[in-house]
Every structure is written in structure tokens, then in C-alpha cells.
Amino acid sequence: MFLKFLRPLHKTLGLRLSGYFSLFTLGGLVFCAITYSSLAYILAHKDRETTQLQLTAYMQMYTRGGTDALKARVEEQRRSGTLAFFVRISAPGYDFSYLPQQWDEEFDLNYLTALGHNAPAWLSVASKDKETLDIASMRLADGALLQVGLNSEGRLDLLELFLNTFVVMMVLVVVIGLVGGAFLARRALRPLKELLSLLRAIVATGALDARAPITGTGDELDELSGLFNVMLDKIKRLITGMRNALDNVAHDLRTPMTRLRGTAEMALRTDAPPEQLREALANCIEESDHILAMLSTLMDISEAQTGTIKLDMVPMNVSSLIEHVVELYSPIAEEKGILITTVVPPDLTLCADRTRMMQVVANLLDNAIKYTPPTGRIELAAVLRAQRVVITVSDSGIGIPAEELDKIFDRLYRGDQSRSQRGLGLGLSLVKAVVHAHQGSVEVASDNAQGSRFTIALPA
Ligand code: ADP
């Protein structure tokens, strides 16, 4: 049981969010590393520029006053504490080096002496610490070597300050990010967790009454909960509808099934001659056909009522639909001496399921023929009215008594005057269910003396 709730770690949303956070932190680290090395490069470049400028300044001093003037200037700067560079003037016969007083690092200047007069344009002398003395060299007109060097200490201090600030910032970002992220993720995922536990409860118990709480934030998770509730409502309605439909079908089939059983039982009990037994068998077959027809229509009605019916909505020409149905029924009408007329605009179209619509019109026309005496008249008309296609089937038949008008659409209801006609009492129920499934409406008007008029209105 416990194992069921232990999902592989990599599949948890929390871990994935932490993964994104780690990527973000790594990105921050890379960004700072790039900034650090760029800064180090820029500062080193700047130091070299300053050193080079100082070298040029001393060189100009030398050009104006020779070695003595240069020496005097540097010594004076050193004494007054304004000397900021290492200065060395070296020629065969003399070698003077000056270091600013404030530099406490010990640079290994023997290295410079060892190089003699072959110093490169730039060279670095290491100290005991991590600082270096970066030296620019220049050969003077009289062959002497002038060298000016700058201590990297200032630059390194600045870089160290940057590094420390960066480390502190990064630690703060990571801590705040982790704590804040965990808090926000928990808050954001709460509706999802609630939805999950609701789902688990539904899967475990099958009870569809619980609903996901709506926080009212209007975000995607709130929308998900809302949609989930709508889905639960629909499923519940569907299941209730199906259950009712099943109850109805079972109830409606009980009478013909009992009749069928009775006929078979009677035949078994009597010692009747074979012709009578054959007749009983024929009755059984007729009854089972009746039951099958009922079952199929009842299923159609249930499907349409519960919304599980599959409607293949296509645009269709109303005139050709009506003409097609009329063509199917004209032999029976002719046999009865009934005249069928149609009044349909040729370009009127409708978007609906063609087979189901034919079933609707056929049922209405079948009834009209059944309940209209010979030499009567039937008219099928269609018109577009207020964005709706209105189809009417009017007959000059026996009409429907006022007290029956609100009952004829009920399942298995058959009018008093219609008992002599074939029928299951399901035709109009099917018409109503299919028309409603198309978001349409159906009405009936009847004048006992002048026949009936069925009107269906469907969205165009
Ligand atoms: P069925 O025709 O099989 O009896 P329906 O559901 O089609 O069942 O019709 C229900 C009842 O409505 C019929 O029994 C009949 O009394 C009445 N009815 C339907 N259509 C007409 C009509 N065009 N004229 C007179 N009565 C009708």
C-alpha cells in the first residue's frame, strides 16, 4: 500500500523544479565566472596602459635632463612617498633600482639583474605572496635600460573584493531561492495535490459526488479544477441517464417478453394438433421480432436522451432529404389513395446527421399516412425562420384529441383511436429525442376534425 505512493523520484514535479533551479544556479555561476575573467583582463590591461604611460613620462624626463635628472626625480618622489612604480635604470657601469616605500612585498629583483640588458618589452617578477611586479622595459638613446613596474596588489585586491561579494550574493540567492522556491512550489502545487487525492478517492470508491475545490485565483490549475468538476458532472449525468435508460428498457420489455413466454408455455402445455402448435410458434416469432424492433428503438431513444448518440453533423439540402423520404413512402401512400405534396425552397440547407434526420421525417410521414384515411392529403413543408430550419408535416387525418396532445411523445404511449394501426408507441419519442439531441424543438397542433400538424425547428 505504502509502495503505491512511492513514485520514482525523477517523476516528481518538485524534483524537476529543483532541477530547473540548479540549472539557474549553474547559469549564475557561469555568468559570474565570465564576468570575473573579463574584469581581470580589463584591469590587467589598464595596469599595463598606466605603466606604459609612466615609462614614456620617465623616458621624456631622461631625454630632457639625462640620467641624473631622471634619478633625482625618482629619488625625490620616493622620499616624499609619491613614487607609485618600480623604476630601474641600468647601463654598463651603473644600475639603480627604486621601489616605493609602501610596498612591503619582497620581489626577487636578482632575476632582473640576471637578465642583463636583454629584458623583453614586458616581464613579471613574482613576490613571496601572490602579487607580481609587472615591468615594462625600454632601451634609451644612450643604450641604457629603463624599466618601470607596477605592483599587481591593487588589481588583485579589487578582484578579491568582487569574488567575495559574488560568493556572498550567490549564497544568498541560493538560500533565498531554495526556501522561497520550495514555499512557492508547495503553494502552487497544492490544488494539484488536492485534485490528485480527489482522483484517488474516486478511483478507490467510485463515488462521483466529491468536487475539486475552486480557489478563485483564475489560474490554469483553478481552470483545471473547474473543468474537472464539469467533467464529473457530465459523467454523473451520463451514468444516471444510462441507469434510467436501462431501467426503462427492462421495464418496457417485460410485457412483450411475458407475452412471448405465455404463448410458448400454452403451446407446450396443450395437446393441440401440429397446426395449432405451428401457429403458436409463428406467434412467438412475431413477438420476438416485435421485441427486437422495440429494443432497437428503445436503445436509439436512450442514446439520444443521454447524449451518447454519435451525430455525424453535415450540411445537407433539406429539399433532397424530404424528397428522398417521400419517395420511400409514396408506394404506401398511393396504395391508400393519399396525395403527398412538398413545399420546400430548393436551396434550403441544414447542418445535421443525415440518417437521423431521415429517421425523424420518415417517422412523422409514416404516422401521417397511418392516421389519414384514404383520399386524404399530406403536406411536407420547410422554411428558414429566425436562423432555424422549420419542417412541418401536416395531414388531413383523424387528428389527436386535446387530452392526448401532451402524452403522445411519451414512450410506449398509443392514442385511443390508433389501436387498430400497427405500431410500438415509440415513433414520436424517438423523433423528440433525436430533435433535442440536435438542439431543436418539436411541437404538435391538431384539430380533431382537420388532421394534425407536426413542426420541428432545428438550428440552420
Ligand atoms: P405509434 O404510431 O406507433 O402508435 P407514435 O409514438 O408514433 O406511436 O405515436 C404516438 C401516438 O400519437 C399514436 O398512437 C397516435 O395516437 C398519435 N399520433 C401520432 N401521429 C399522429 C397523426 N399524424 N395523426 C393522428 N394521431 C397521431
Side-chain angles (χ1 to χ4, degrees), residues 245 248-249 251-253 255-256 259 286-287 289-305 309 322 325-326 328-330 332-343 356-382 390-437 440-457:
N248 289 339
V249 171
H251 173 265
D252 294 345
L253 288 184
T255 315
R259 251 194 335 253
E286 199 181 313
E287 199 66 70
D289 285 349
H290 180 82
I291 291 169
L292 284 177
M294 258 181 91
L295 189 62
S296 143
T297 318
L298 280 170
M299 293 313 287
D300 279 355
I301 295 173
S302 298
E303 273 189 5
Q305 280 176 341
I309 193 170
I322 289 179
V325 180
V326 169
L328 289 176
Y329 280 84
S330 44
I332 319 172
E334 267 169 34
E335 204 175 289
K336 237 180 137 178
I338 294 172
L339 177 72
I340 304 180
T341 53
T342 56
V343 186
R356 294 291 174 190
M357 270 306 121
M358 278 185 56
Q359 214 174 6
V360 166
V361 179
N363 265 305
L364 294 178
L365 183 55
D366 185 53
N367 277 353
I369 296 172
K370 263 195 318 192
Y371 303 115
T372 301
T375 70
R377 280 193 344 271
I378 296 173
E379 185 190 88
L380 285 95
V390 180
I391 301 174
T392 50
V393 180
S394 329
D395 63 56
S396 61
I398 59 171
I400 305 163
E403 66 276 13
E404 285 185 5
L405 282 177
D406 55 347
K407 297 189 196 136
I408 55 172
F409 290 100
D410 293 349
R411 276 179 315 112
L412 297 175
Y413 182 81
R414 303 208 69 204
D416 276 344
Q417 315 172 68
S418 57
R419 303 270 182 230
S420 55
Q421 296 288 345
R422 66 185 159 83
L424 300 171
L426 291 172
L428 287 181
S429 307
L430 182 65
V431 167
K432 187 177 165 186
V434 170
V435 168
H436 281 184
S441 62
V442 55
E443 281 170 16
V444 59
S446 178
D447 185 332
N448 239 343
Q450 287 174 15
S452 322
R453 170 191 291 249
F454 285 86
T455 307
I456 55 174

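In listed order, ligands and their atoms are each counted from 1. All values below were derived from every heavy atom in this structure, side-chain atoms included, with hydrogens, water molecules and symmetry-related copies excluded.
- Distance check, rounded to the nearest 0.5 Å: CZ of Arg377 to CD1 of Ile338 gives 11.5 Å.
- Of all atoms in ligand 1, numbered sequentially from 1 with element shown, those under 4.0 Å from a heavy atom of Gly423 are 3 (O).
- Between atom CD1 of residue Ile408 and atom OG of residue Ser418 there is a gap of 10.0 Å, rounded to the nearest 0.5 Å.
- Ligand 1 has an N or O atom lying under 3.5 Å from an N or O atom of Lys370, backbone or side chain.
- Residues Ser446 and Ser452 approach most closely at OG-OG, 3.6 Å, considering heavy atoms.
- Of all atoms in ligand 1, numbered sequentially from 1 with element shown, those under 4.0 Å from a heavy atom of Gly427 are 5 (P), 6 (O), 7 (O).
- The two residues Ile291 and Leu253 come nearest to each other via the heavy atoms CG2-CD2, 3.9 Å.
- The Phe454 neighbourhood of ligand 1 comprises atoms 20 (N), 21 (C), 23 (N), with distances under 4.0 Å to a heavy atom of that residue.
- Residue-environment remark: NE2 (His436) exceeds the threshold of 12 foreign heavy atoms within 6.0 Å.
- Under a 4.0 Å criterion applied to the non-hydrogen atoms of Ser452, ligand 1 contributes the atoms 22 (C), 24 (N), 25 (C).
- An N or O contact shorter than 3.5 Å links Gly425 to ligand 1 by distance.
- Contact between Thr392 and Arg453 at its shortest, heavy atoms only, is CG2-NH1, 4.1 Å.
- When hydrogens are left out, the protein atom nearest atom 10 (C) of ligand 1 is Tyr413 O, 3.4 Å; that is the closest non-hydrogen contact.
- Protein heavy atom at the shortest distance from atom 13 (C) of ligand 1 is Tyr371 OH, 3.5 Å.
- When Leu426, Asp395, Ile398 are ranked by how near their heavy atoms come to atom 23 (N) of ligand 1, first place goes to Asp395.
- For atom 12 (O) of ligand 1, the closest non-hydrogen atom of the protein is Ile408 CG2, 3.2 Å.
- Across Leu430, Ile400, Asn367, heavy-atom proximity to atom 7 (O) of ligand 1 is greatest for Asn367.
- Checking side-chain atoms of Lys432 against main-chain N and O of Asp410 turns up no donor-acceptor pair under 3.5 Å.
- Under the 3.5 Å distance criterion, the side-chain polar atoms of Ser296 are left unmatched by any main-chain donor or acceptor of Leu292.
- Considering backbone and side-chain atoms alike, Arg414 places an N or O below 3.5 Å from some N or O of ligand 1.
- Inclusion of Leu428 in the set of residues having an N or O under 3.5 Å from an N or O of ligand 1 is warranted.
- The closest donor-acceptor contact from the side chain of Glu379 to the backbone of Val343 lies at 3.5 Å or more, if one exists at all.
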